[in-house]
Amino acid sequence: MRRAAATTRALREDDVDGLKVDELKDVLRTMALPVSGRKADLAARVKEALAARGEGEGEDEDEDATATIEAVVEATVEGRAVEEAEATFAEAREEGGVAETVMETRADAAPAETAAPVERRASVVEGWDEARAPTPGTAFWNAMPRATRADAREAEVTKTTSPLRVVHITAELAPIAKVGGLGDVVEGLARAHGKMGHAVTVILPFYSCLPTDKIDGLTHVMDYDVTKGRYQDGETRYFNFRTTAMRGRVNGIDVILLKPHDDERSNIFQGSKIYGGSYDEREAYLYFCRAAREFLIASGENPNIIHCHEWQACGFPMIFWGLRDAYGQDCDGMSNAKIMLTIHNLDSNGEARQEEFCATGVDASMFATVDKALDERTIGHNPERLCLLKGGIVYSNHVTTVSPTYATEILAGGGGFTGKNLVGNKHKFSGILNGIDPESWTPSDDPFIPYGYDSTNVKSQKALCKKYLQRGLGMKEDPDAPLVVCVSRLVPQKGVNLIEQAIRTTRSNGGQFVLLGTGHSDGVFRKMAETEEFGENSDSTRLMLMYSDALSHLLYAAADIVIVPSMFEPCGLTQMIALRYAALPLVRRTGGLADTVFDIDDASIDENERNGFVFDGTGAEDIDVALSRAFNLYKSKRSTFEEYQKRAMNVDNTWTEPAQSYIDLYRTL
Ligand code: ADP
């Protein structure tokens, strides 16, 4: 301590005045960034240069002097106004020593030290508001100062003169019932069509975990009876099941929420999560499909399009046409209706034993043939089973999947069993790329991020978001460490091994990594999080094994690079969100990722289209090479990297085009 004080005095009285920021600046100007991109290395070089000039002599071994020079290097290299560096020096001189300035800055970060004792060097980013800084060790992303949303985007939409009535039947709707991309897609598509002047309603289960405070004008619409069956002791019994329909609006979208009437004392849709409650999901969603049909009949709706999503809604087309076959085409009064099915992920088929299908109130025997819904893989088994997704494909007027490349991959044999059914129905199958909803994903107007931005100020504002995240998570506040982010369900589809590899490679190459994810394959990350290198005190890595919409927004805003190394990816939204938030996506070439990310080094692609890093293969070395290309660009050609970031923000992946494609398709049915 005495030694530090002596050094401080020496710096103040001799070196600081003698050293002059201008001279330091001169030295800096003559130096290229070291290959490592680390400011500490640059500071070491500056010290060497100063020593060679005979300045700062005698301080070479002193840690405080090193810290001082590092602080100035950091300020200057950052492109921050040199005046600021000078001010830092001046202030330090007045307050009794440059070394103390550095120590003070460390003291500022004290709260973080309790949660994460990470050494943090002084890093000043222009525009940083210390008063708004997050409190480390808390769920600071939930306490974001909410910006006011602009609502000007609504006015840009041209309203149609021939509106359609569209009803979506879905298990998810963002933000109230979102587990993955399905929720986002239904929200985005419904809103886009609403803005175009179409009348859109989303029918959703009334899960007991829905945040009802986010549903405007929630009101009771009706209680009504739905035919339902129960199989017991070798016998199926049918009965009336009282059902409740509620109406409300979620961010401007009309929703109908269906659930068993309280008198039924049913546990269907009860629980703390969207999926995985204590009830039988097959029974619940089959009942939901029947309840949706009966609601549409009772409410006198005669929609033009009933748009079903995933296996959970596949019971609807089956019973819709099945009951018409049995009771006549007029039995439901929905003379206009045509049915569209969108497959968001072929991985989930929805398998049901025939007796389980009675939850729809309809006997399964009418669907139990190979040309209908029988799963041919189960022929000869006891019992033979239905595949709901197959039934949905057979009984819908048209089937889409969520990107052209995924559609092609499926037809080429990449879709397994259900893929074969699509080959047989390819005359009514197509791929339409998903969009992202600008209402939810616009960085200049995002209530979840602390410093909003557009392409004119992305550089400075994104740097602030990065610092905000680093501070909040207790990581090293290093503006020059490339920040790599992954927001993902943690399941084999998402390339868990490659995510793990990327975390390791990022750290060993001087970058930072934040993972936000949940899923049954999270074990490897839980183990990693227990190690010193990747645990809660790591200066470079945070493994956030949780779900948080708010934090995901902040991560996209702070990230330099977002990875999506999926084994297969029907569409993928994360890479599109990344582009809109000026984080360059690094993806495996598959499905929708191949349709939206174009490699920066691929000379066969128009220069203006290139927007990220793409790799093939599934090995550790494959993602490593892509990461190393990304890091090289970031570290040695920062202005080029920033140019790509600006360009990425201008890529239009919103719903404008896909929503129109869906309308065009609806009108052909
Ligand atoms: P999938 O539908 O297969 O999960 P997508 O890329 O289509 O993948 O959509 C994922 C959506 O879910 C994105 O909006 C992403 O930001 C979000 N998401 C995934 N995991 C999380 C998480 N743990 N916390 C918050 N959002 C998440």
Side-chain angles (χ1 to χ4, degrees), residues 139 141-142 170-189 273-275 309-312 342-348 401-403 405-406 431-443 446 448-449 469 485-496 499 514-522 525-526 529 542-559 562-581 583 585-588 590-597 612 653-655 658:
W141 49 90
N142 288 331
T170 174
E172 291 185 35
L173 171 70
I176 59 166
K178 168 176 161 176
V179 176
L182 170 62
D184 286 316
V185 170
V186 177
E187 180 196 28
L189 185 57
K273 291 196 283 187
I274 299 297
Y275 302 124
H309 300 267
E310 299 290 64
W311 73 265
Q312 290 94 339
T342 294
I343 301 174
H344 299 254
N345 194 333
L346 217 50
D347 235 12
S348 319
T401 191
V402 288
S403 72
T405 296
Y406 188 53
I432 298 181
L433 194 66
N434 280 337
I436 48 173
D437 186 355
E439 290 291 325
S440 302
W441 302 107
T442 295
D446 185 330
F448 298 112
I449 68 175
L469 183 79
V485 155
C486 177
V487 181
S488 183
R489 289 186 296 120
L490 298 174
V491 294
Q493 174 201 337
K494 300 292 178 179
V496 171
I499 297 173
V514 182
L515 169 68
L516 173 64
T518 52
H520 58 79
S521 305
D522 68 356
F525 304 109
R526 289 197 183 280
R542 282 293 173 277
L543 304 177
M544 316 287 291
L545 302 180
M546 54 182 266
Y547 184 92
S548 166
D549 193 38
L551 181 55
S552 76
H553 283 247
L554 181 57
L555 290 184
Y556 292 116
V562 168
I563 64 158
V564 198
S566 306
M567 295 297 102
F568 71 94
E569 192 57 76
C571 178
L573 298 178
T574 44
Q575 80 283 6
M576 298 197 222
I577 302 169
L579 287 165
R580 199 160 164 87
Y581 280 65
L586 187 153
V587 308
R588 204 173 151 265
T590 181
L593 300 171
D595 289 333
T596 48
V597 183
N653 276 320
T654 64
W655 274 103

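The first residue of the sequence shown is numbered 1, and numbering continues consecutively from there. Counting starts at 1 for both ligands and their atoms, in listed order. These numbers come from a predicted model, not from an experiment.
- For Asp595, the salt bridge (charged side-chain N to carboxylate O under 4.0 Å, His left out) test picks out no residue, with sequence neighbours left out.
- Legend: residues meeting salt bridge (charged side-chain N to carboxylate O under 4.0 Å, His left out) with Glu187, ordered by chain and number and at least two apart, are Arg191.
- Under the 30°/60° scheme for interplanar angles, the aromatic rings of Tyr406 and Phe568 are found to lie parallel.
- Here salt bridge (charged side-chain N to carboxylate O under 4.0 Å, His left out) pairs that include residues 563-579, with residues two or more places apart or in two chains, are Lys494-Glu569.
- Protein residues having a heavy atom under 4.0 Å from any atom of ligand 1 are Lys178, Gly180, Gly181, Asp184, Val487, Ser488, Arg489, Lys494, Leu516, Gly517, Met546, Tyr547, Ser548, Asp549, Ser552, Tyr556, Gly572, Leu573, Thr574, Ile577, listed by chain and number.
- Relative orientation of the Trp441 and Tyr556 rings is perpendicular, given thresholds of 30° and 60° on the angle between their planes.
- Judged purely by atom type and a 3.5 angstrom limit, Arg489 has no side-chain atom pairing as donor or acceptor with the backbone of Gly519.
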